Structure formats: C-alpha cells, structure tokens
Amino acid sequence: MSRTSRLPSSLLRAAACTGVAALALTACGSGSGSGSTSTGSGEVKVGLITKTDTNPFFVKMKEGAEKTAKAEGVKLMTAAGKFDGDNAGQVTAMENMVAAGVKGILITPSDSKAIVPAIEKAKAKGVLVIALDTPTEPQSAVDALFATDNLKAGELIGEYAKAAMKGKTAKIAALDLAPGVSVGVQRHNGFLKGFGATDKDVACAQDTGGDQSKGQTAMENCLQKEPGINVVYTINEPAALGAYTALKGKGREKDVLIVSVDGGCTGTRAVKDGKIAATSQQYPLKMAAEGVKAVVTYAKDGKKASGYTDTGVTLITDKAQDGVASKDTAYGLDNCWG
C-alpha cells in the first residue's frame with residue numbers, strides 16, 4: 001500500500017479543545033460559511049465525535065480536525081465517549097450536534113452496529129455523516145469512511161510475524177479489543193490471514209479494550225493458560241506494552257515476538273527499544289483533516305463524500321524481514337502521533 005505523505009508540523013502542534021464528557025459539546029474554531037449553507041448563526045458547523053478524549057490517537061485526531069476547521073473558517077464542535085465502548089454517550093452527542101445545526105458529523109464509532117440508528121436519524125435531517133478510523137456495520141450506514149485499511153494493517157504484522165518466526169512452531173496469543181467493534185475484528189482477522197493461521201491456531205484470546213493495564217492482565221492470563229506462548233498479536237500499542245510488562249515479569253520479554261497496530265510515538269519508540277517487534281502505523285491526523293474538508297465541500301456546494309478513502313498504513317520495524325515491505329523507526333518517529 002502506498003504510504004501517506006507526512007502532514008505539516010503545524011498540524012501536529014495544533015492545540016486541542018478542552019476535554020469534554022460524553023454528553024457535552026465543545027465548540028472551537030471560527031469563521032463563517034456561505035450564506036446558502038450556513039446555520040442560523042451564520043457559521044458552518046462541523047461535529048467530531050471520538051471514542052474517548054484521552055487516547056492519544058483521538059487527541060491527535062481532534063487536533064487535526066481543529067486545525068483544518070480553523071483554516072477552512074468553520075466552527076468545530078467536539079464530543080467523546082466516557083470510555084471506549086460508550087455508545088450511549090456517542091448517541092447523545094450526535095443528537096446534540098444535530099440539534100445545534102451541524103452540517104456534517106465525523107465519528108469514530110464505539111459500537112459499529114449500535115450507532116447506526118442514530119446515524120440514520122442524523123442523515124434524515126440532512127447531516128453528512130462520515131466515519132473515521134472505524135467503519136460502521138454496515139459500512140454503507142454512513143455517507144463515507146476515511147480510515148486505515150485495518151485488515152491490511154493486520155495482514156502486515158501477520159506476514160511480518162510469520163517471516164520472523166522462520167518456520168518455528170507458533171503458539172499465538174491474541175490480545176483483542178472488544179466484541180462489536182469492526183476495527184478490532186478486521187485487525188484480528190488480518191493478522192491471522194497474514195500469518196496463514198485461523199482462530200483454531202490461537203492458544204489464547206483475551207479482550208483488552210485497547211488498555212495497557214488490561215493488556216497486562218490479559219497477557220498474564222494467557223501465560224497461565226499456555227506458558228509456551230511465543231507470538232503475541234495486540235490490537236494496539238498500549239495493549240502491547242501491557243503484554244510486554246507481563247512477559248518481563250516472567251523473564252520472557254526477549255523470547256516472545258510482539259506485533260501491534262497504531263504507530264503512535266510511544267509505540268514507535270517501543271519498537272525502537274525492542275519491546276515491540278513491529279507495528280502497522282496509521283495516520284489519524286489525515287483522517288480528520290480530510291473529513292473536515294469533505295464537510296466543508298458539502299456545505300459549499302452540496303457535494304457529498306462517498307465510499308471509502310484509504311488513509312494509508314506502513315509497517316514499522318528495525319528488524320526487516322525478507323518479502324515484507326517496511327520502514328524503520330526513524331521514518332516511524334518522523335510520522336508518529338501522540
């Protein structure tokens with residue numbers, strides 16, 4: 001997959017809005033839209049709803065949206081779930097944004113299926129709805145999707161792990177996300193596809209919610225179930241670092257291969273330090289920037305974004321494997337977030 005271009009450093013430095021609870025909205029940015037498409041206040045409003053406002057991935061996504069909204073002269077309203085999986089909070093935030101007169105809503109769904117009725121109501125009111133990072137189920141529930149190809153991200157680390165094992169018998173632990181979240185399913189399935197395995201080949205599977213402490217507990221549970229685990233797939237880098245902590249506690253950190261997805265700065269440094277063997281880097285700033293621009297286009301001329309836009313993924317490792325395309329951590333740190 002072709003790599004994404006690095007976003008301007010000014011985007012990385014953009015200040016985020018103050019944190020918001022799941023039911024609250026924060027408006028940031030300034031400027032007016034065209035008279036024919038603006039709200040009663042004379043401003044074009046764009047909504048952004050993330051899974052949480054604490055995960056660095058979503059913090060950077062919000063910064064990207066905020067910077068682009070300011071450049072485009074539109075008002076950005078933001079909200080987030082209280083925790084990853086807080087569908088009720090996202091539904092309320094979406095209803096509040098529609099009532100506030102947004103022209104479009106960008107959302108990273110906490111529950112890909114449960115959010116669909118709220119999306120349908122928003123679209124019925126003429127609001128453009130774009131999913132970022134995580135597709136809905138069905139994907140066609142939103143007007144458009146700007147996201148990493150999560151199946152491909154999983155495939156890359158699966159292919160890498162297979163090559164790194166060099167024919168050794170693998171005992172796999174899968175530290176997953178949570179039921180009902182398409183991004184977790186896609187990464188998991190992609191890893192298995194890339195590794196040439198099936199769920200029957202997974203010695204232990206645990207949900208982590210993408211949380212570091214839960215990742216550590218999950219890894220400890222897996223080691224109790226199958227002490228011989230030698231390959232660990234993780235949904236994201238916080239879960240990977242939790243797994244590393246658990247393995248280090250057992251003196252196993254040097255002989256177990258950990259692979260992950262995200263490409264945040266902390267995770268990329270962990271690859272450089274040898275804690276994680278490889279990670280698939282994605283680009284949340286680009287997702288948000290492109291999403292805001294799509295809403296602005298809709299506000300100006302009524303043209304709706306549609307279909308899927310791949311925002312890119314790159315395998316990052318300092319231990320390249322033959323036949324698996326990758327970039328080193330110098331590139332990863334130049335393009336990381338968080």
Side-chain angles (χ1 to χ4, degrees), residues 3-20 25-34 37-39 41-53 55-80 93-94 97 100-109 122 127-134 142-148 263-265 281-313 334-338:
R3 66 177 178 85
T4 26
S5 300
R6 187 183 177 190
L7 294 177
S9 60
S10 59
L11 191 60
L12 297 173
R13 295 192 298 267
C17 296
T18 55
V20 292
L25 298 178
T26 298
C28 37
S30 61
S32 301
S34 62
T37 58
S38 63
T39 65
S41 65
E43 294 173 316
V44 172
K45 297 178 182 178
V46 181
L48 172 68
I49 304 172
T50 53
K51 294 180 183 179
T52 72
D53 59 7
N55 186 310
F57 184 89
F58 301 120
V59 170
K60 286 300 174 183
M61 181 177 283
K62 184 163 65 174
E63 289 180 7
E66 194 172 281
K67 179 65 175 179
T68 307
K70 183 177 181 180
E72 296 287 343
V74 299
K75 182 76 72 178
L76 180 69
M77 305 182 73
T78 65
M94 180 169 281
M97 286 180 177
V102 296
K103 197 67 180 177
I105 293 175
L106 314 175
I107 184 168
T108 59
V127 176
L128 179 71
V129 183
I130 297 174
L132 304 181
D133 177 56
T134 304
V142 290
D143 292 295
L145 169 67
F146 292 83
T148 305
C265 295
Q281 186 171 69
Q282 51 183 343
Y283 305 98
L285 288 163
K286 183 173 183 179
M287 296 176 199
E290 294 300 315
V292 170
K293 289 177 184 178
V295 176
V296 171
T297 297
Y298 175 56
K300 288 180 177 179
D301 60 22
K303 182 180 179 180
K304 288 186 175 182
S306 62
Y308 167 57
T309 298
D310 182 359
T311 52
V313 62
D334 278 344
N335 291 275
C336 67
W337 41 266

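What you are looking at is a predicted structure, and each value in this text was computed from that prediction instead of being measured.
Across all their heavy atoms, Ala294 and Ile130 have their closest contact at CB-CD1, 3.7 Å. The heavy-atom pair separating Gly312 from Tyr283 by the smallest distance is O-CD1, 3.5 Å. Among all heavy-atom pairs drawn from Val129 and Ala122, the shortest one is CG2-CB, 4.1 Å. Pro109 and Lys51 make their closest contact through O-CE, 3.0 Å (heavy atoms, listed as atom of the first residue, atom of the second, distance). Taking each heavy atom of Leu48 and Met97 in turn, the nearest pair found is O-CE, 3.5 Å. Taking both residues in full, the closest heavy atoms of Thr50 and Phe58 are given as CB-CB, 3.9 Å, listed atom of the first, atom of the second, then distance.
In this structure, the side chain of Trp337 engages the main chain of Gln282 through a donor-acceptor pair within 3.5 Å. Judged by distance alone, with hydrogens and angles left aside, the side-chain atoms of Lys304 form no donor-acceptor pair with the main-chain N or O of Asp143 at under 3.5 Å.
Atoms CD and CG, on Gln281 and Asn335 in that order, are 5.5 Å from each other to the nearest 0.5 Å. Atom OG1 in Thr108 sits 11.5 Å away from atom NZ in Lys62 (nearest 0.5 Å). In this structure, Met287 CE and Thr148 OG1 are separated by 3.0 Å, a value rounded to the nearest 0.5 Å. Taking NZ from Lys286 and OG1 from Thr309, the interatomic distance works out to 9.0 Å, rounded to the nearest 0.5 Å. Expressed to the nearest 0.5 Å, how far CG of Leu76 lies from CG of Leu106 amounts to 8.0 Å. Between the CG atom in Leu145 and the CD1 atom in Ile107 there is a gap of 12.5 Å [rounded to 0.5 Å].
A cation-pi contact, defined as under 6.0 Å to the ring centre and within 45° of the axis, links Lys103 to Tyr298.
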Between Phe57 and Asp133, does a side chain to side chain contact (heavy atoms under 4.5 Å, CB included) hold up when you go through it step by step? CA-CA 10 Å; Phe57 184 89; Asp133 177 56; 3.7 Å; yes

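Partner of Val74 under the side-chain contact (heavy atoms from CB on, under 4.5 Å) criterion, out of Val44, Val295, Thr68, Val102: Val44 alone.
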